[in-house]
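Notes to accompany the following structure.
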Amino acid sequence: MTRYWLMKSEPSCFSIDDLHNAPNQTSPWDGVRNYQARNFMQKDMKLGDKIFFYHSNCKPPGIIGIAEVASGAYPDHTAFDPESDHPDPKSTPDNPRWFMVDVRYVEQFPKIIPLDELKLHTELASMPLLRKGNRLSVMPVGETEWQYIVKELVG
DNA sequence: GCCAACGTTGGC
DNA sequence: GCCAACGTTGGC
């Protein structure tokens, strides 16, 4: 059964354009250093699951398009590299702490669906994304909410 | 195992 | 740049 997800990225760091331009339109989703987010990737994501690509820390923040899970989880080797953006000396090749999946570009929306707009729809109120203080960078999206967004808000 | 200090996220 | 919310760390 296909599941649905939302993954956040700062476009100044890695945008949906970057994913679109990547080889095979596919890229590792590296840099996640949060256990809950890691567990979603490691235990619950399946090949072909659909992902809302969310641009954070920009104007405006919001959902910009769709990607899909393109691999199973495997160790995030950037954690081993002291020169990387998010090194973690406690993660080693023999005992990796952080995992990632590959994601593949599916589509970019004609325009971003801003966070402000998502907040206006009571149908979406149960989304973890809209919970106050939420900081998860990888989170599940209910099928109901997914369909609502795709049918009512895209375009 | 508690909890204060600290760091990070991310909207504003 | 500010700050609220939250996760992590480490002393005890």
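The sequence lines fix the lettering, A, B, ..., with proteins before strands; numbering per chain opens at 1. Here the structure is a predicted model, which means the values were calculated and not measured.
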Centroid-centroid under 6.0 Å between A:Trp5 and A:Phe52 rings: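 A:Trp5 vs A:Phe52: aromatic centres not under 6.0 Å.
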
Pair A:Trp98 and A:Tyr74, ring centroids less than 6.0 Å apart: no

What is the distance, to the nearest angstrom, from the [atom1] atom on [X] to the [atom2] atom on [N]?
| X | N | atom1 | atom2 | answer |
| --- | --- | --- | --- | --- |
| A:Phe14 | B:dG10 | CZ | P | 16 Å |
| A:Lys90 | C:dT9 | NZ | P | 5 Å |
| A:Leu129 | B:dG11 | CG | P | 8 Å |
| A:Asp85 | B:dT9 | CG | C1' | 15 Å |
| A:Glu10 | B:dT9 | CD | C1' | 8 Å |
| A:Leu130 | B:dG11 | CG | C1' | 13 Å |
| A:Asn34 | C:dT9 | CG | C1' | 15 Å |
| A:Lys119 | B:dG11 | NZ | P | 8 Å |

Plane angle bin for A:His20 and A:Tyr105 - parallel if under 30°, tilted between 30 and 60°, otherwise perpendicular: parallel

Touch class at under 4.0 angstrom, heavy-atom based, for A:Asp116 against every strand present: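 Sugar-phosphate contact only - A:Asp116 comes under 4.0 Å of backbone atoms but never of a base.
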
Over all atoms of both residues, closest heavy-atom pair of A:Ser91 and A:Phe80: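 Looks like O-CD2, 3.2 Å.
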
Heavy-atom closest pair, residues A:Ala67 and A:Leu19: CB-CD2, 4.0 Å

Residue mapping more 5' on DNA chain C - nearest nucleotide basis, A:Asn57 or A:Asn134: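 Nearer the 5' end of the strand: A:Asn57.
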
Nearest listed nucleotide, side chain of A:His86, among B:dT9, B:dC12, C:dT9: B:dT9

Closest to the A:Tyr35 side chain, choosing from B:dC12, C:dT8, B:dG11: C:dT8

Below 4.0 Å: OP1/OP2 of B:dT9 and any side-chain N or O of A:Tyr54: no

C:dA5 OP1/OP2 closer than 4.0 Å to side-chain N/O of A:Lys132: yes

